[in-house]
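Written out below as structure tokens is the structure these notes cover.
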Amino acid sequence: MREWLGQYKYRGNERYALLLGLMLDSAYLTLKKENQSAILSRKPSIIHRSWSADLLVPVPVSDSRLMERGFNQAERLADVLSRRRKVPQLPLLIRTHHTGKQSFKSRAERLADMKHAFSENPAVTTQFANWLKRKVPLNRPLQIVIIDDIYTTGSTIRACAAIIKQMVSDYGYAVEVYSLTWARS
């Protein structure tokens with residue numbers, strides 16, 4: 001896994017995107033099954049819609065990282081999942097500053113780095129508001145899945161989730177935020 005991720009993410013070998021994306025798709029099916037089981041166990045007598053993500057949100061990379069790699073690996077993984085599961089993806093977040101490679105940092109350093117690393121993406125604010133009004137009824141929580149390549153301490157996911165929760169609540173919706181990553185270290 002380490003070799004594949006290194007080839008894909010650091011050496012620009014984009015042919016790994018489909019393979020890793022298909023593996024992420026398998027994880028999505030597991031997430032879907034677990035959430036459907038949880039819904040049925042809480043209220044088995046009520047018929048619920050099948051659990052499915054409403055929206056995929058890839059973790060953004062900094063401008064310097066994008067220039068270095070030429071692509072956002074989380075966005076490419078989300079593309080594969082979006083196409084396979086017919087779940088839209090939207091870059092709701094931007095990275096406000098470059099944090100350096102997290103793999104070389106301690107847990108405390110990662111947590112500190114991520115505190116203000118993300119914000120709402122102003123380029124998609126109107127698109128997101130219009131999508132919410134058209135697609136999501138107010139009587140149920142919006143189900144958003146944050147997509148990233150690797151989960152280490154969870155600091156990136158938590159920072160992204162906090163911004164997303166605030167954004168969605170500003171529009172008057174409840175939200176459930178999930179995360180899906182290709183690997184965990």
Taken in chain and number order and not counting sequence neighbours, the residues that satisfy ring pair (Phe, Tyr, Trp, His ring centres under 6.0 Å) with Y178 are W51
Scanning both residues in full, the closest heavy-atom pair of V177 with K165 reads CG2-CG, 3.9 Å
Under a 3.5 Å distance rule, please check whether T181 uses its side chain to pair with a backbone N or O of D149 as donor and acceptor. no
(message) Counting C-beta onward and ignoring hydrogens, is there a side-chain heavy-atom pair between V175 and M167 closer than 4.5 Å?
(response) no
- Is there a side-chain contact between I164 and L93, using heavy atoms and a 4.5 Å cut-off? yes
**OP:** State plainly whether one hydrophobic cluster holds both M23 and V80, where clusters connect Ile, Leu, Val, Met, Phe, Trp and Tyr through side-chain heavy atoms under 4.5 angstrom apart.
**Re:** no
Exercise for the section: Mark yes when over 12 heavy atoms from residues, nucleotides or ligands other than H97 sit less than 6.0 Å from its NE2; otherwise mark no. Expected result: yes
On a heavy-atom basis, the closest approach of R95 and S62 is CD-N, 3.5 Å
Taking every heavy atom of E176 against every heavy atom of Q143, the minimum-distance pair comes out as OE1-NE2, 3.2 Å
Taken in chain and number order and not counting sequence neighbours, the residues that satisfy side chain to side chain donor-acceptor pair (under 3.5 Å) with Y16 are none
Only residue of T30, V145, L77, I146 satisfying side-chain contact (heavy atoms from CB on, under 4.5 Å) with L180 is V145
side-chain contact (heavy atoms from CB on, under 4.5 Å) filter on D25, not counting sequence neighbours, yields L29, L81, R84, R85
Sorted by chain and residue number, the ring pair (Phe, Tyr, Trp, His ring centres under 6.0 Å) partners of Y173 (sequence neighbours excluded) come out as none
query: Under a single-linkage definition using a 4.5 Å side-chain heavy-atom cutoff for Ile, Leu, Val, Met, Phe, Trp and Tyr, are L19 and I150 assigned to the same hydrophobic cluster?
result: yes
Do any N or O atoms from the side chain of R65 and from the backbone of P60 form a donor-acceptor pair under 3.5 angstrom?
no
Between V168 and I144, the two heavy atoms sitting closest are CG2-CD1, 4.0 Å
One should read off an interatomic distance between E75 CD and Q73 CD, to the nearest 0.5 angstrom, of 10.0 Å
side-chain contact (heavy atoms from CB on, under 4.5 Å) test vs F118 passes for just one of L92, T156, I94, namely T156
Sorted by chain and residue number, the side-chain contact (heavy atoms from CB on, under 4.5 Å) partners of S179 (sequence neighbours excluded) come out as I157
| field | N72 side chain vs L66 backbone, donor-acceptor pair below 3.5 Å | value | no
CG of D79 to CZ of R83, rounded to nearest 0.5 Å, is 5.5 Å
For L24 and I147 the tightest heavy-atom approach is CD2-CG2, 3.7 Å
May I have the list of side-chain donor-acceptor pairs in residues 123-132 shorter than 3.5 Å, sequence neighbours left out?
unit_1, atom_1, unit_2, atom_2, d
T125, OG1, E120, OE2, 3.2
T125, OG1, N121, O, 3.3
N130, ND2, T126, O, 3.3

Interatomic distance, OG@S82 vs CG@L55, rounded to 0.5 Å, equals 9.0 Å
Looking only at heavy atoms, the pair that brings R76 and A17 closest together is CB-CB, 4.4 Å
